[in-house]
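What follows is a short report on a single structure.
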Amino acid sequence: MDFNAIERKWQERWDKEGTFKTDVWDFSKPKYYVLDMFPYPSGQGLHVGHPEGYTATDIVARMKRMQGYNVLHPMGFDAFGLPAEQYAIRTGNHPGGFTEKNIANYIRQLKMLGFSFDWDRTISTADPKFYKWTQWWFEELYKDGLAKYTETSVNWCEGLGTVLANDEIVDGKSERGGFPVVKRKMKQWVIDTPKYAERLLDGLNEVDWPNSTKEIQRNWIGKSQGAVIKFEIYGSDKTFEVYTTRADTLFGLSYCVLAPEHKLVNEITSKEQKLAVEKYIEECAKKSDLERTSLNKEKTGVFTGSYAINPVDGRKVPIYIGDYVLASYATGAVMGVPAHDERDFAFAKKHNLPIYPIIEGGTEDTCFTGSGKHINSDFLNGLDNKQAIAKMIEWLEENKKGHGTTIYKLRDWTFSRQRYWGEPIPAVHMEDGSVKLVEKLPLTLPEMKEYKGKNGLPPLENAGEWTNVTINGKKGKRDTNTMPGSAGSSWYYLRYLDPNNDKAMADPELIRHWMPVDLYVGGYEHAVGHLLYARFLNNYLYDKGIVPVKEPFKKLFHQGMILGENSEKMSKSRGNVVNPDDLVRDYGADALRMYEMFMGALEDSKPWNTTGIEGIRKYLDRVWRIYTESGKIKDNENKNLEKVYHQTVKKVAADYENLDFNTAISQMMIFTNAVMKEEVFPKEYAIGFLKLLNPVAPFMTEELWEKVFGNKKTIAYEPWPTYDEEKTKDNEVELVVQVNSKIVSRIVAEANAENESVLKLAKSDSKVSELISGKTIVKEIVVPNRLVNLIVK
RNA sequence: GCCGAUGUGGCGGAAUGGCAGACGCACGGGACUUAAAAUCCCGAGGUGGCAACACCGUGUGGGUUCGACUCCCACCAUCGGCACCA
């Protein structure tokens, strides 16, 4: 069988006949929206990991079509990104051309692999028709006060010459390139995602997502309940606030620490300490995040010369600055209770500060973080931690010294990138310092002679006239930053519904009909970045009445990684990369799809094995021969195959639905193994099985559908086979008989027989009766159709 | 350190609390062939035994249960996430 020729034939046929075009306005059938995370079109083309997730969704899409759903199964390209920009810098060519070429190659490969995408709806985030609407929602966020242009402390990456968001940093280095990242103050566009923190947390309870992903998002949002406590400064009218989850330990206070960047530091530093404090601040500023965290476990700090007054007992305690306190979290100041907090303990030890135990179990020279009764704590004495926290917050609120509060770790979404190849931020900075939005969208990227930024400034600074704008006679300058990669990917799933609409993101009626996405499959690495931003934006669009649901992705699944044959991550340097083009040439797309689905559970990482795909190729050849050469397919019945056929129809559909493709394929193999033993393969079963196999191996099954059964129309919309539950079961079943939980025999009984008769049968078995004779039966256990267990003494 | 996941033959992996190892790969034997490949049939967790069969066996140690890969507790290992978040 010439699988290459067959696959080519059907690719062309599907293309020509528009087999997989979706009429999104056909509301007569139930909808099913099945989506893949769209790829960045790199110069290398697809790697074998891509077809894994794409085959999974394609199988579901194909089955759902046959089950009568109107299926939307689109594909597009996350086309802005660093490699294209670096290519442009290197060659002087526009990154757009490079990107388009890569997209064309991706489309070729995706068609080659037989994915049933509707190619009329494909999108590219770098297309002005698309990013017009990325810019549009940015402007809406600005109007609603959620996008802000402010001076903030940002993650600056010198190596990339740009600012990065928290999720783009791994171990204090940039995710791309691994360059060091430092904190820097810059005027930046940021989006107020923390405003949605609570809702983003709540929404996780509504969605069918992997637990671990939900947990990662919960940790990232980082909800914390505690109290803000207000401290007065001795001999001054200034105050500052600390945040603590352990308000109950206020009686154990021995000092306070402000972050080095805290705005009060200058004002409260005494003359004597000024030099030391300034030196310390300077040292901190120079350190990267990495140095400040991992290399600096020692709790450094400097005394400011000022004292705070403990609001609950009036005692004076010294105020320090120390970089273990983060300016960006909560109030940027903490209270030091060394007796009951490990970090405070380490700090106190280093700086010779007193330790006041206030919970039973604590001492003056240890750190006790457990629970216990409070002591030396006035009105808290005798209470446990939980009661004491509540009581203290009550006291603080009554005395106006503080209040209970909830805070989140989730930070603003840093939205400016100092790059060329991204969506231009549609804002103009006027001479008077105000910001005006660009009214006519899209604001397209200008052509450039030079794509590299100069002197640490964004490349668009060199765009000449493009940057200068006059609005109502007043001069201004365009924002020269571009948006992050996560901007376009935060809403692309809406655009597939209506990719050419120039009046809206998509027609409101279509959004109402098609959202949410029913199944979304993509890599685990997006567990926070993309998946959190998309949820944020969707929630926002929900508030604006644009989207009918808060959560955009009802069911989410992460495919695992395909490792090299040596169980290591595939990489050029390890020399263990396998290429989809080669595999399709040698084994066919059907075999590649089927093998990747058969390797193991979709979510697991699993090593590539060349003999494995050879085995699948042989299996497909065997199926081909059964249909074309065996002469077994006849109109006759064959009772021998009845049960296994109905079981197979049942199991395959259920497994596809649950994305358990490996066991679905096993079941299909069990079925064909049974067919191999028979002389007659009833035509009804042959057709049914072909339909079951079609989602996995679409090319070969289309060919057999035409060649063997003489059909002129595609199999893609043929009704999905049904099964008869009764016929999946045996009339007779074999039961295991145990005596004292040890298997001693097997009996054959009628299916669903009464327990009484099964027991009788079991006891009459010769081996069993031998073992139980002369003994007392203490207990009789019958598991219907499975087992009998007799406990004897 | 905290959170999450995983641990089963030579390998990839199956098993609503009920026959562990389905299905496949690799392997061994056989048929076909002058021969090889392909194909088809058969075998196979480990140990002992000619064999029937016996014993052992799902990371380790306990527990619940008539019965545990499955549930509970503790521990070990691997992977992923967060990490001075007060």
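Each chain gets a letter, A, B and so on, in the order the sequences are listed, and its residues count up from 1.
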Does [N] have OP1 or OP2 sitting under 4.0 Å from an N or O in the side chain of [X]?
{"X": "A:S224", "N": "B:A86", "value": "yes"}
{"X": "A:N785", "N": "B:G18", "value": "no"}
{"X": "A:K606", "N": "B:G12", "value": "no"}
{"X": "A:R218", "N": "B:G81", "value": "no"}
{"X": "A:N662", "N": "B:A14", "value": "yes"}
{"X": "A:R622", "N": "B:A38", "value": "no"}
{"X": "A:K767", "N": "B:C53", "value": "no"}
{"X": "A:Y329", "N": "B:A86", "value": "yes"}

By the 4.0 Å heavy-atom rule, please label [X] as base, sugar-phosphate, or nothing.
{"X": "A:E614", "answer": "nothing"}
{"X": "A:M676", "answer": "sugar-phosphate"}
{"X": "A:S666", "answer": "base"}
{"X": "A:I216", "answer": "sugar-phosphate"}
{"X": "A:K569", "answer": "nothing"}
{"X": "A:R411", "answer": "base"}
{"X": "A:A601", "answer": "sugar-phosphate"}
{"X": "A:Y619", "answer": "nothing"}
{"X": "A:E734", "answer": "base"}
{"X": "A:D344", "answer": "nothing"}
{"X": "A:T213", "answer": "nothing"}
{"X": "A:I791", "answer": "sugar-phosphate"}

Can you check the [X] [atom1] to [N] [atom2] distance for me, whole Å?
{"X": "A:Q738", "N": "B:G67", "atom1": "CD", "atom2": "P", "value": "10 Å"}
{"X": "A:D167", "N": "B:A83", "atom1": "CG", "atom2": "P", "value": "11 Å"}
{"X": "A:K618", "N": "B:A38", "atom1": "NZ", "atom2": "C1'", "value": "8 Å"}
{"X": "A:I626", "N": "B:C40", "atom1": "CD1", "atom2": "C1'", "value": "12 Å"}
{"X": "A:W624", "N": "B:U39", "atom1": "CH2", "atom2": "C1'", "value": "17 Å"}
{"X": "A:K677", "N": "B:C42", "atom1": "NZ", "atom2": "C1'", "value": "11 Å"}
{"X": "A:I772", "N": "B:C66", "atom1": "CD1", "atom2": "P", "value": "19 Å"}

Looking only at atom [atom1], what distance separates [N] and [M], rounded to whole Å?
{"N": "B:G7", "M": "B:G59", "atom1": "C1'", "result": "6 Å"}
{"N": "B:C66", "M": "B:C82", "atom1": "C1'", "result": "45 Å"}
{"N": "B:C2", "M": "B:G13", "atom1": "C1'", "result": "32 Å"}
{"N": "B:U70", "M": "B:C50", "atom1": "P", "result": "36 Å"}
{"N": "B:U64", "M": "B:G28", "atom1": "C1'", "result": "44 Å"}
{"N": "B:G48", "M": "B:G1", "atom1": "P", "result": "43 Å"}
{"N": "B:U47", "M": "B:G81", "atom1": "P", "result": "40 Å"}
{"N": "B:A22", "M": "B:A35", "atom1": "P", "result": "34 Å"}

Is there a side-chain contact between A:M597 and A:I665 (heavy atoms, below 4.5 Å)?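 In short, these two side chains touch, coming nearer than 4.5 Å.
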
Does any non-hydrogen side-chain atom of A:R246 lie less than 4.5 Å from one of A:I359?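 They are in contact (side-chain heavy atoms under 4.5 Å apart), so the answer is yes.
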
Geometric cation-pi criterion, A:R535 with A:W209: 6.0 Å, 45°: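 Relative to the ring axis of A:W209, which defines the angle, A:R535 lies inside both limits.
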
Assess A:K632 against A:F681: is NZ or CZ under 6.0 Å from the centre of the six-membered ring, and within 45 degrees of the ring's axis?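 No; the conditions do not both hold, so A:K632 does not lie above the ring face of A:F681.
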
Looking at residues at least two apart in the chain, or sitting in another chain, which of them share a side-chain contact (heavy atoms from CB on, under 4.5 Å) with A:I169?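 Only A:N155, A:L164, A:V181 meet the side-chain contact (heavy atoms from CB on, under 4.5 Å) criterion with A:I169.
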
Nucleotide of [options] approaching [X] most closely (side-chain heavy atoms):
{"X": "A:I743", "options": "B:C66, B:C19, B:G18", "answer": "B:C19"}
{"X": "A:F598", "options": "B:G24, B:G18, B:C66", "answer": "B:G24"}
{"X": "A:N219", "options": "B:C66, B:A86, B:G81", "answer": "B:G81"}
{"X": "A:T611", "options": "B:A26, B:G18, B:C82", "answer": "B:A26"}

Now, which nucleotide makes the Watson-Crick or G-U wobble pair with [N], with each of the two distances under 3.5 Å?
{"N": "B:G17", "value": "none"}
{"N": "B:A52", "value": "none"}
{"N": "B:A74", "value": "B:U60"}
{"N": "B:C2", "value": "B:G81"}
{"N": "B:U39", "value": "B:A31"}
{"N": "B:A44", "value": "none"}

5' priority, RNA chain B, between A:I665 and A:S605 [closest heavy atom]: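 The 5'-side residue here is A:S605.
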
Would you kindly compare A:D660 and A:S212 by the position of their nearest RNA chain B nucleotide and give the one closer to the 5′ end?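 In this pair, the answer is A:S212.
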
With a 3.5 Å cut-off and heavy atoms only, can you find an N or O donor on one side and an acceptor on the other between the side chain of [X] and the base of [N]?
{"X": "A:R786", "N": "B:C19", "value": "no"}
{"X": "A:K409", "N": "B:C82", "value": "no"}
{"X": "A:N789", "N": "B:C66", "value": "yes"}

Can you check ring-ring contact (aromatic ring centres under 6.0 Å, His included) on A:H558 and A:Y524, steps first, answer last? CA-CA 5 Å; A:H558 302 297; A:Y524 195 65; 5.1 Å; yes

Those residues that, when tested against A:F368, pass ring-ring contact (aromatic ring centres under 6.0 Å, His included) (two or more places apart):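 Checked A:F368 against ring-ring contact (aromatic ring centres under 6.0 Å, His included); zero matches.
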
Syn versus anti for B:G81, judged by chi lying within 90° of 0?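 Here B:G81 takes the anti form, which means its glycosidic angle is more than 90° from 0.
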
Please report whether the ring centroid of [Y] lies less than 6.0 Å from that of [X].
{"X": "A:Y645", "Y": "A:F689", "value": "no"}
{"X": "A:F598", "Y": "A:F661", "value": "no"}
{"X": "A:Y587", "Y": "A:Y595", "value": "no"}

